[in-house]
Amino acid sequence: MGKKNDYSFCERVFAVVRKIPKGKTLSYVAVARRCGSPRAARAVGAVLRTNYNPMIPCHRVIYADGTSGGYNRGSIRKRCLLIREGAL
DNA sequence: CATTTGACGCCAA
DNA sequence: TTTGGCGCCAAAT
């Protein structure tokens, strides 16, 4: 156990996003905060954009305003998924 | 190593 | 309410 951080920021982002339960949403700033960088909201988006993975519920990460935000497969798709899960 | 980019967030007009 | 602009951070080039 050793070190405080052997994982890159992107790995932490995935770890956090993967844990978001169905029907629940987190804002980019909230995810960034859990990753140890409370101001890295943009960086979170950058990671999810370049490393999207079908088994990661990245559609559950939305703007702090409560708006859906962007999505690799279209913001419309993202909103649809959120409604389907009951997050909206 | 320096610069650019971008799925953000917040405030002023 | 909508638009524009600045700040912030990490990944990508």
Problem - Nearest listed nucleotide, side chain of Phe9(A), among dC9(C), dG9(B), dA11(C) - result: dA11(C)
Exercise for the section: When you get a sec, tell me which of dA11(C), dA10(C), dG9(B) is the closest nucleotide to the side chain of Ser27(A)? Expected result: dG9(B)
On the side chain of [X], is there an atom forming a donor-acceptor pair with the base of [N] - under 3.5 Å, no angle test?
| X | N | value |
| --- | --- | --- |
| Arg39(A) | dG9(B) | no |
| Arg42(A) | dG6(B) | yes |
| Tyr28(A) | dA7(B) | yes |

Between [X] and [N], is there a side-chain N or O to OP1/OP2 distance below 4.0 Å?
| X | N | value |
| --- | --- | --- |
| Tyr63(A) | dC8(B) | yes |
| Thr50(A) | dA12(C) | yes |
| Ser37(A) | dA10(C) | yes |

Handout entry: Spatial distance of atom OG (Ser68(A)) from atom CD1 (Ile76(A)) [nearest 0.5 Å]
Key = 8.5 Å
Exercise for the section: Give one of base, sugar-phosphate or nothing for Cys58(A), where a contact means two heavy atoms less than 4.0 Å apart. Expected result: base
Exercise for the section: Give Ala41(A) one of three labels, base, sugar-phosphate or nothing, depending on what nucleic acid heavy atoms sit under 4.0 Å from its own. Expected result: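 Touches sugar-phosphate only.
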Fill in the blank from the handout: Heavy atoms of Leu82(A) and Arg60(A) approach each other most closely as CD2-CA, 4.1 Å
Completion exercise
Between Tyr28(A) and Gly70(A) the two heavy atoms that sit nearest each other are OH-O, 4.0 Å
Rounded to the Å, how far apart are [X] [atom1] and [N] [atom2]?
| X | N | atom1 | atom2 | result |
| --- | --- | --- | --- | --- |
| Asn51(A) | dG6(B) | CG | P | 16 Å |
| Arg33(A) | dC8(B) | CZ | C1' | 16 Å |
| Glu11(A) | dA10(C) | CD | C1' | 14 Å |
| Phe14(A) | dA11(C) | CZ | C1' | 11 Å |
| Leu48(A) | dT5(B) | CG | C1' | 16 Å |
| Ile56(A) | dA7(B) | CD1 | C1' | 14 Å |

Exercise for the section: Hunt down any stem DNA chain C takes part in, defined as 3 or more consecutive Watson-Crick or G-U pairs whose two distances are each under 3.5 Å. Expected result: B:2-6 with C:9-13, B:8-13 with C:2-7
Exercise for the section: Would you indicate whether the side-chain heavy atoms of Cys58(A) and Tyr71(A) approach each other to under 4.5 Å? Expected result: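 They are in contact (side-chain heavy atoms under 4.5 Å apart), so the answer is yes.
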Practice task
Determine, using the 4.5 Å side-chain heavy-atom cutoff (strictly less than), whether Val17(A) and Val44(A) are members of one ILVMFWY cluster.
Solution key: yes
Problem - side chain to side chain contact (heavy atoms under 4.5 Å, CB included) partner of Val61(A), the single match among Ile56(A), Thr25(A), Leu48(A) - result: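 Exactly one pass, corresponding to Leu48(A).
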Handout entry: Test: Lys24(A) and Glu85(A) ion pair at under 4.0 Å
Key = no
Problem - First encountered from the 5' end of DNA chain B, between Ala46(A) and Asp65(A) - result: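 Closest to the 5' end, via its nearest nucleotide, is Ala46(A).
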